[in-house]
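Data block below; observations after.
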2 protein chains.
Amino acid sequence: MSPKKEQLIAVATDLFSRHGFHPVGVDRILSEAGVARMTLYNHFPGKDDLISAVLDRRYHDIMASLRACVEPTSSAREQLRAIFAWHEAWFATPEFSGCLFERALAEFGTDYPKISDVAIQYKKTMTAWMGDMLKTHLPEQTATRLASILLILLDGATIDARAFHDPTVATRAWGAAEAIIEREIALTSSNPARR
Amino acid sequence: MSPKKEQLIAVATDLFSRHGFHPVGVDRILSEAGVARMTLYNHFPGKDDLISAVLDRRYHDIMASLRACVEPTSSAREQLRAIFAWHEAWFATPEFSGCLFERALAEFGTDYPKISDVAIQYKKTMTAWMGDMLKTHLPEQTATRLASILLILLDGATIDARAFHDPTVATRAWGAAEAIIEREIALTSSNPARR
DNA sequence: CATCTTATACTGATCGTTCTATCTATTCCA
DNA sequence: TGGAATAGATAGAACGATCAGTATAAGATG
């Protein structure tokens, strides 16, 4: 990919993260990236598509970073713990400013599919991934329901970590997740009929 | 309060809820409210203050609505259940479009205190309220930690309910909350030394 | 030669905000 | 009861700034 296009995405990601999508104008991205106006419009039909590209990039980066943190050979619980730990480390990052997908959803709603689709896909992918981990210990239906709860915990933790500038919410979220998982496993194993 | 001011807040609330804060211009609020330009600027120094007033109003409305749903004489668990049920009913509302406080935080971050303070105050109030309920059954420190988890669950459920257009996340969130509370109560009562 | 990037000027629209001048309703005093 | 004073609301023009996007032509790189 063109280095100019790369830099546009990188600078746009930084600016959008710090100030939001609407408040950051094309002009600012251009001057901060040191790129000419027409170069942007040669690579992207419009600002919407730049936003979309930023979210796409972010999606792949995050998934790659997450997968690198999760040892596929370890137990399901260990893998889930790694996901929550990844979030805590992320929250503690100085540049942490919430989840870009959530903020895109908050600013644009679900009316701009080009933008919101990535955000929703991210949620679905995470839920499915965690669901797969849980299915090694739990019946499918239970695992799916539990995964949706884990997503709620991760999303809620991300929101509150930003609002309170407090990375430790991830620890409490993981504590809650562990309690729920343990309870469900205990219920299932003590009552094999549920399998 | 002046009826014109009232209507400005009402119309602005509706438009902000449906489209976000940045995309809705002053002109649109004025024309939709049938109010003259200068009338707005006589009541509010600027758009920021109108947003702030909208959030303030929302804060008081929500707290009043919540308090009306929570029977003060019933048990702590019943009160908490009522809070989660209130959220589920809210999610199922046709005009539900996420939490306006969260969306204000997402759009403006914590750099505009006039706007973000209300959002953060709402979170703190909710946490303290739920913490007080839990303190009737649990030691203070445990109750505080648990309340922060309940807030995570409520915030996460609100986010996901909007993203997936699915009000039932509230039910799963409450199931998780119940599990965590039960476990904590069992732990405390079986080990009085923790009191 | 061809492709990419550059700079600059420009479009038409919209942004939040201010100004002016007129209109309407209430209030207060004679 | 009548008339002036006051306050609030009105319409509409205009402000300078910024918005996303386009046009054009020269410069760079291979």
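All figures in this text were calculated on a predicted structure; none of them were measured in a lab. What's counted below: heavy atoms across the whole structure, side chains too, no hydrogens, waters or symmetry copies.
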*Listed once per pair and sorted, the ring pair (Phe, Tyr, Trp, His ring centres under 6.0 Å) pairs that draw on residues 3-38 of chain B, sequence neighbours left out*: B/F16-B/F21, B/F21-B/F108, B/H22-B/F108
Name all residues meeting the salt bridge (Lys or Arg N to Asp or Glu O under 4.0 Å) criterion together with [X]; count only those two or more places apart in sequence or in a different chain, and write none if there are none.
| X | result |
| --- | --- |
| B/D14 | B/R18 |
| A/E102 | A/K123 |
| A/D117 | none |
| A/E6 | A/R57 |

*asked:* Expected output is a numbered-order residue list: members of residues 25-43 of chain A with a heavy atom under 4.0 Å from any atom of DNA chain C. What is it?
replied: A/G34, A/V35, A/A36, A/R37, A/M38, A/T39, A/N42, A/H43
*asked:* Quick check on contacts: within residues 2-23 of chain A, what sits under 4.0 Å from DNA chain C by heavy-atom distance?
replied: A/S2, A/K4
_Near DNA chain D, counting only heavy atoms under 4.0 Å, which residues of residues 107-117 of chain B show up?_
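Nucleic-acid contacts, sorted: none.
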*Could you tell me from which nucleotide to which nucleotide of DNA chain D, 5' to 3', there is an atom under 4.0 Å from chain B heavy atoms?*
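Extent of the interface on DNA chain D: D/dA9 to D/dA13.
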*Where does the chain A footprint on DNA chain C start and end, counting 5' to 3' with a 4.0 Å heavy-atom cut-off?*
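Listing 5' to 3', DNA chain C meets chain A from C/dT5 to C/dA9.
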*Just jot down the side chain to side chain donor-acceptor pair (under 3.5 Å) partners of B/D49, sequence neighbours excluded, or say none.*
B/K114
*Kindly express the pairing pattern of DNA chain C in dot-bracket notation, using | wherever a base pairs with another strand and counting only Watson-Crick or G-U pairs under 3.5 Å.*
|||||||||||||||.||||||||||||||
